[in-house]
Structures are given as structure tokens and as C-alpha cells.
Chemist: 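Pasting a structure below so you can have a look.
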Protein chains: 2
Amino acid sequence: MNKNTINRGVQRSPCPISTSLDIWGDKWSLLIIRDMMLFNKNTYGEFSNSMKKIATNILASRLVDLEQSGLISKEEHPDSKAKIFYKLTQKGIDLLPIIAEMNLWAAKYYEIGPKAKEVNKMLKKDKAGFIKSRTAVLKKL
Amino acid sequence: MNKNTINRGVQRSPCPISTSLDIWGDKWSLLIIRDMMLFNKNTYGEFSNSMKKIATNILASRLVDLEQSGLISKEEHPDSKAKIFYKLTQKGIDLLPIIAEMNLWAAKYYEIGPKAKEVNKMLKKDKAGFIKSRTAVLKKL
DNA sequence: TAAATTTGCTTGCAAATTGCAAGTGTAAAT
DNA sequence: ATTTACACTTGCAATTTGCAAGCAAATTTA
């Protein structure tokens with residue numbers, strides 16, 4: 001068993017910001033969520049390939065953590081039994097507004113890549129619409 | 001000089017989520033921001049007292065980090081030269097929508113305290129209004 | 001005005017978390 | 001039947017966080 005799991009058993013305080021950070025406030029968890037949410041990545045290999053600098057043991061333990069926190073679930077992959085299809089739960093999908101605001105904030109103050117720019121453009125045009133349509137897509141998985 | 005400073009020199013990738021996490025994606029930075037943003041805390045002592053479990057060296061280095069990232073600035077305290085008045089910059093104030101969404105998300109899935117509940121109530125009633133009026137208050141400091 | 005207290009830190013060391021490189025078992029492709 | 005793909009695990013090093021103590025300058029108290 002992997003020993004890199006973060007202590008997410010107890011909340012540090014009853015503050016929602018603190019609680020949120022307890023769940024996904026590390027360097028990698030939210031990037032996995034982002035990959036699932038915006039870029040249709042759903043397998044260990046896709047995550048590993050997308051976040052090239054993540055250590056494989058950390059990726060593995062984050063997937064366990066996120067599943068235990070109820071943000072993602074493991075499903076059978078339609079194409080192969082060797083693969084696992086990771087899927088966002090409703091609780092995970094509900095992080096979309098946070099991801100959206102993070103995109104808007106960072107885009108205002110930093111250079112961002114082309115894929116993020118596309119998302120940013122849609123968010124600026126119609127944030128609520130983007131969240132709604134994206135939510136619908138994710139629910140159908 | 002304190003050696004606990006996080007390496008925020010280079011972005012891991014041009015992704016806005018990754019960039020955001022590089023700036024404030026640790027266990028404490030955003031709690032300092034929250035204290036300034038929602039609860040009118042502005043000094044080292046107020047932060048230390050509010051986040052009782054934060055180590056003093058970590059608090060000190062986070063304040064340095066946040067200043068270097070341009071989210072906060074050091075000002076003279078009106079009451080005393082022994083105190084330092086930490087103030088949110090525009091870049092810091094612009095994190096308010098993220099803080100707001102985090103409150104809404106955590107309140108949906110976890111128990112939160114009374115002060116957070118008040119904020120939550122206002123956000124549910126009129127999110128845009130809350131952000132606007134709070135922004136105005138913070139700018140006047 | 002001298003002593004005690006408040007304030008915002010620093011220092012040294014221990015504990016926890018993350019990162020790296022290599023390896024393992026099962027499923028699928030050749 | 002053998003090689004490759006996939007999802008991990010393992011052991012150890014490096015980085016980050018946490019704890020306890022200490023310290024200088026400003027302020028309050030006696």
C-alpha cells in the first residue's frame with residue numbers, strides 16, 4: 001500500500017476555505033480534476049502524460065485520495081480491462097465554478113497557454129453557459 | 001533570512017490552474033488571504049491568533065511569499081509603529097470570486113462554522129453584490 | 001525612567017510530504 | 001509465445017512543514 005496519502009481525516013477548522021484546501025489544496029489534485037473536467041482525460045496514463053512532472057507514486061496516491069474524498073470514482077473502461085476509467089462525481093463536477101474563477105484570475109495576471117485561452121474566451125463570453133454545458137457533458141459520462 | 005520560502009520563481013506549466021496553485025496552493029496562503037478579505041485581519045498577530053495551528057516561521061515566510069507574488073503589500077499601521085498593516089493589492093482582491101466559490105462548494109458538502117455560514121447566506125442571496133461591496137471595502141483600506 | 005510586555009519575527013532541529021528511479025503484475029497486442 | 005501497454009508499488013533522497021525556543025525594537029506599566 002502506498003504511504004503518500006495525505007491526512008484528510010480531520011478538518012483543521014470548520015472554515016470552508018480550510019476544508020477545501022484540506023481536500024484538494026496540494027500541488028496536484030486540482031490538476032487531475034482539471035484534466036477530467038476540461039480536457040477529457042480519464043485514465044492514469046492520460047494524467048501521467050498530461051502532467052509530465054508528476055511522480056507516479058504521487059499520482060497514484062492522489063487518485064486514491066480523490067476517490068476517498070468522493071470527488072472521483074473508478075469505473076470500467078469501455079475499451080479495455082487493463083485501463084481504469086476515472087470519472088468525476090457530482091461533488092467533483094461542482095468544483096467547476098472554482099476552476100473557472102481560477103482560469104479567469106490567472107489569465108488576468110499571467111501568460112497562459114492556447115488551450116487555457118480558449119476556455120478563458122468562453123468563460124468571458126458566457127460563464128454560466130459554459131459551466132452549464134460542461135456540467136451536462138460530465139454528467140453523461 | 002527565512003529559508004521556508006516556496007519556489008514560486010517558475011511556473012510549472014502555462015496552465016492557469018497550475019499557475020494559481022504555484023502562487024497560493026499550499027496549506028496556509030489562502031487562509032491569510034481569507035482573513036484579510038472577509039474578517040478584517042491585517043497584522044501578523046491577528047493572523048497568528050486566527051490560525052492558531054500555523055507555525056510562526058511558516059506564517060512569516062508566507063507573508064513574504066504573498067508580498068513577492070504581489071497579492072499583499074506592507075503598510076504602516078495607523079495605531080503603532082510596532083505593528084505592520086498587511087493590505088490586499090488589486091491582484092489579491094481579485095481572488096474574492098475564488099474564495100466565494102470555495103465557500104459555496106464546501107458549504108454544500110461539509111459542516112461549516114457560524115461565521116462562514118453568514119458569508120454563505122449572503123453569497124447565496126446575491127453573489128455579485130457581495131463581491132462588489134466587499135471589493136469596495138477592501139480598496140478603501 | 002526602568003522594567004515588563006507586546007509585536008513581528010528568526011533559528012535549529014524533527015516530522016511529514018514530495019520527488020526520483022527502478023521494479024512488479026495483469027491485460028492486450030504481435 | 002513474447003513483447004508491449006497499463007496501472008501501479010517500493011525504497012530512498014530532497015524539499016517542505018511543524019515545533020519550541022529565542023530575540024530585537026516598539027510600547028505599555030510601574
Chemist: How many whole angstroms separate atom NZ of A/Lys81 from atom P of C/dG25?
Modeler: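 About 22 Å, once rounded to whole Å.
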
Chemist: What integer distance in Å separates A/Lys27:NZ from C/dG19:C1'?
Modeler: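 That distance rounds to 11 Å.
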
Chemist: Counting any heavy atom closer than 4.0 Å, what does A/Ile84 reach on the DNA or RNA strands: base, sugar-phosphate only, or nothing?
Modeler: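 It contacts sugar-phosphate atoms only.
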
Chemist: Check every atom of C/dA27, D/dT17, C/dC9 against the side chain of A/Ala82 and return the nucleotide holding the closest atom.
Modeler: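 Output: C/dA27.
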
Chemist: Does a side-chain N or O from A/Tyr44 land closer than 4.0 Å to OP1 or OP2 of D/dT9, or not?
Modeler: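 For D/dT9, OP1/OP2 do not have a side-chain N/O of A/Tyr44 under 4.0 Å.
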
Chemist: Which is true for B/Ser48 with a 4.0 Å heavy-atom rule: it touches a base, it touches only sugar-phosphate, or it touches nothing?
Modeler: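 Since no nucleic acid heavy atom lies under 4.0 Å of B/Ser48, the category is nothing.
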
Chemist: With rounding to the nearest 0.5 Å, note down the distance linking OH in B/Tyr109 to OG1 in A/Thr19.
Modeler: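 The OH atom of B/Tyr109 sits 14.5 Å away from the OG1 atom of A/Thr19.
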
Chemist: Looking at B/Gln90, I'd like to know if its CD atom is crowded, meaning that more than 12 non-hydrogen atoms belonging to other residues, nucleotides or ligands lie closer than 6.0 Å.
Modeler: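 Atom CD in B/Gln90 is packed in, count exceeds 12.
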
Chemist: Looking at D/dT27, C/dG8, C/dC9, which one has an atom nearest to any side-chain atom of B/Lys83?
Modeler: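 Of all the options, the side chain of B/Lys83 is nearest to C/dG8.
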
Chemist: Report yes if a side-chain nitrogen or oxygen of A/Ser80 is closer than 4.0 Å to either non-bridging phosphate oxygen (OP1 or OP2) of C/dA27; otherwise report no.
Modeler: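 False: A/Ser80 side-chain N/O out of range (4.0 Å or more) of C/dA27 OP1/OP2.
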
Chemist: Could a donor-acceptor pair under 3.5 angstrom be found where the side chain of A/Thr56 meets the base of D/dT9?
Modeler: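 Pair found.
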
Chemist: Check this for me: does any side-chain nitrogen of one of B/Arg62 and B/Asp65 sit under 4.0 Å from a carboxylate oxygen of the other?
Modeler: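 Salt bridge flag = yes for B/Asp65 with B/Arg62.
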
Chemist: Considering just the side-chain nitrogens and oxygens of B/Trp28, establish if one lies under 4.0 Å of OP1 or OP2 belonging to D/dT16.
Modeler: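 Checking B/Trp28 against D/dT16: no side-chain N or O falls below 4.0 Å of OP1 or OP2.
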
Chemist: Rounded off to whole Å, could you give me the CG-to-P distance for the A/Asp79 and D/dA7 pair?
Modeler: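 So the two atoms are 11 Å apart, to the nearest Å.
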
Chemist: CD of A/Glu46 to OH of A/Tyr86: how many Å apart, nearest 0.5 Å?
Modeler: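 Taking CD in A/Glu46 and OH in A/Tyr86, the distance rounds to 12.0 Å.
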
Chemist: To the nearest angstrom, how far is B/Met51 atom CE from C/dG8 atom P?
Modeler: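 To the nearest whole Å, that distance equals 12 Å.
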
Chemist: Whole angstroms only, please: what is the NZ-P distance between B/Lys52 and D/dC19?
Modeler: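 It works out to 15 Å between those atoms.
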
Chemist: Check this one for me: any side-chain N or O of A/Tyr86 less than 4.0 Å away from OP1 or OP2 of D/dC6?
Modeler: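 A/Tyr86 to D/dC6 OP1/OP2: no side-chain N or O under 4.0 Å.
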
Chemist: Which nucleotide wins on minimum distance to the side chain of B/Arg62, given the candidates D/dT17, C/dC9, C/dA28?
Modeler: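 It is D/dT17.
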
Chemist: Does NZ in A/Lys87 sit with more than 12 non-hydrogen atoms of other residues, nucleotides or ligands closer than 6.0 Å?
Modeler: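 Yes, enclosed.
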
Chemist: Looking at A/Asn57 and C/dC20, is any side-chain donor or acceptor paired with a base atom of the opposite kind under 3.5 Å?
Modeler: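 Present.
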
